[in-house]
Amino acid sequence: MAILQDKIKPNTYVECRILDHRVDELEGSQLFFRYVHLEKVIHELHFGWTNRTVHACIHMLQHFPLPQYEGYFSYFEKHLEIKWNNDEANDSYILQFIDQGTIMTIQAKKEQLITFGHQLEKEWHQSPVVE
């Protein structure tokens, strides 16, 4: 499971699992996302993204911040949009994970986001392949 811990709020984090994926790049992956704020589960989401979208998100996180995203990553179905702003005063980024109006905020350092991307890639490789 990939976990992104908030750098300021204790016991606040997002976790993401890739439950399974199909082989073809245009086929889909099933994902599970959870937002925990101060030890309380606030939001959970099961959703699907194409493999191409999963790989784009992983790449974006592993090379964070990529200027072509201009602080915004989404999929056309609008499940789990990600917006971010640089908080230079705290040497971090404020991220908003958005699911159909629910906004989940995490503050993280660039290095944490890169690690989160690598964790997601590991999740991908460990997830079962569906024929």
Side-chain angles (χ1 to χ4, degrees):
M1 156 181 354
I3 297 176
L4 179 61
Q5 178 73 43
D6 191 289
K7 83 173 211 98
I8 294 177
K9 298 177 203 146
N11 303 310
T12 298
Y13 58 91
V14 297
E15 64 182 57
C16 187
R17 285 185 284 155
I18 299 175
L19 304 173
D20 62 45
H21 68 275
R22 298 190 185 280
V23 177
D24 189 307
E25 190 71 8
L26 297 176
E27 292 292 332
S29 299
Q30 294 299 308
L31 295 93
F32 173 76
F33 178 88
R34 175 181 290 146
Y35 176 65
V36 177
H37 179 70
L38 303 176
E39 297 183 3
K40 181 179 177 189
V41 174
I42 302 297
H43 192 73
E44 293 183 329
L45 172 67
H46 286 90
F47 64 103
W49 272 356
T50 65
N51 295 334
R52 181 178 287 171
T53 303
V54 172
H55 293 303
C57 184
I58 289 170
H59 182 265
M60 181 266 303
L61 288 165
Q62 289 176 334
H63 301 90
F64 196 86
L66 287 173
Q68 67 261 35
Y69 289 104
E70 299 178 351
Y72 182 71
F73 183 89
S74 73
Y75 181 55
F76 71 91
E77 290 183 357
K78 299 293 185 190
H79 285 293
L80 204 59
E81 299 170 75
I82 307 169
K83 294 182 180 181
W84 60 89
N85 291 304
N86 188 354
D87 181 2
E88 292 180 19
N90 290 304
D91 188 32
S92 61
Y93 290 85
I94 299 171
L95 290 92
Q96 293 181 321
F97 295 87
I98 304 164
D99 174 41
Q100 300 178 354
T102 300
I103 299 172
M104 302 154 276
T105 304
I106 292 286
Q107 186 160 351
K109 293 179 118 349
K110 173 183 174 179
E111 295 78 14
Q112 289 177 271
L113 295 162
I114 291 169
T115 299
F116 187 57
H118 288 291
Q119 290 174 351
L120 280 174
E121 182 178 39
K122 185 176 179 182
E123 277 285 311
W124 166 265
H125 290 295
Q126 293 177 347
S127 69
V129 175
V130 178
E131 297 295 326

Assess whether atom NZ of Lys109 is packed by more than 12 heavy atoms of other residues, nucleotides or ligands within 6.0 Å.
-> yes
How close do Ala108 and Ser92 get, heavy atom to heavy atom, and via which atoms?
-> O-CB, 3.3 Å
Quick one: closest heavy-atom pair of Arg22 and Trp124, and the distance?
-> O-CH2, 4.2 Å
Are a donor atom and an acceptor atom from the side chains of Asn51 and Ser29 found within less than 3.5 Å of each other?
-> yes
Between Leu19 and His46, is any pair of side-chain heavy atoms under 4.5 Å apart?
-> yes
More than 12 non-hydrogen atoms from neighbouring residues, nucleotides or ligands closer than 6.0 Å to CD on Gln126, yes or no?
-> yes
What distance do His37 atom NE2 and His43 atom NE2 have between them, rounded to the nearest 0.5 Å?
-> 15.0 Å
Heavy atoms only: give me the nearest Trp84-Tyr72 pair and the separation to one decimal.
-> CH2-N, 3.5 Å
More than 12 heavy atoms from other groups under 6.0 Å of CD on Glu111 = yes
Residue pairs fulfilling ring pair (Phe, Tyr, Trp, His ring centres under 6.0 Å) with at least one residue in residues 95-123, sequence neighbours excluded = Phe33-Phe97
Would you sort out whether Val129 and Glu131 count as a side chain to side chain contact (heavy atoms under 4.5 Å, CB included), showing the intermediate values?
-> CA-CA 6 Å; Val129 175; Glu131 297 295 326; 4.0 Å; yes
Which of Thr12, Asp99, Leu4, Val41 passes side-chain contact (heavy atoms from CB on, under 4.5 Å) with Tyr35? It is Thr12
Side chains of Leu66 and His59: closer than 4.5 Å at any heavy-atom pair?
-> yes
Please report the shortest heavy-atom distance between Gln119 and Ala2, naming the atom on each side.
-> OE1-CA, 3.3 Å
Rounded distance (nearest 0.5 Å) linking atom CD of Glu123 with atom CD1 of Ile18 | 6.0 Å
Neighbour count >12 (heavy atoms, 6.0 Å) for atom OH, Tyr13 | no
Can you name the residues that form a salt bridge (charged side-chain N to carboxylate O under 4.0 Å, His left out) with Arg17, not counting sequence neighbours?
-> none
side-chain contact (heavy atoms from CB on, under 4.5 Å) partner of Gln107, chosen from Lys9, Gln112, Lys7, Gln5 | Lys7
Any side-chain heavy-atom pair of Leu95 and Ile82 under 4.5 Å = yes
Among all residues two or more places apart in sequence or in another chain, which pass the salt bridge (charged side-chain N to carboxylate O under 4.0 Å, His left out) test with Lys110?
-> none
Over all heavy atoms of both residues, which pair between Pro65 and Tyr93 is shortest? Give the atoms and the distance, please.
-> CG-OH, 3.3 Å
side-chain contact (heavy atoms from CB on, under 4.5 Å) partner of Leu120, chosen from Thr115, Leu61, Leu31 | Leu61
Val14 reachable from Tyr69 in the ILVMFWY side-chain graph, under 4.5 Å edges | yes
Spatial distance of atom NZ (Lys83) from atom OG1 (Thr105) [nearest 0.5 Å] = 11.0 Å
For the pair Ile106 and Met104, evaluate side chain to side chain contact (heavy atoms under 4.5 Å, CB included) and give the outcome as yes or no after the intermediate values.
-> CA-CA 7 Å; Ile106 292 286; Met104 302 154 276; over 6 Å; no
Decide yes or no for Thr102 and Gln100: does some side-chain heavy atom of the first lie under 4.5 Å from some side-chain heavy atom of the second?
-> no
At what distance, to the nearest 0.5 angstrom, does CH2 of Trp49 lie from NE2 of His21?
-> 16.0 Å
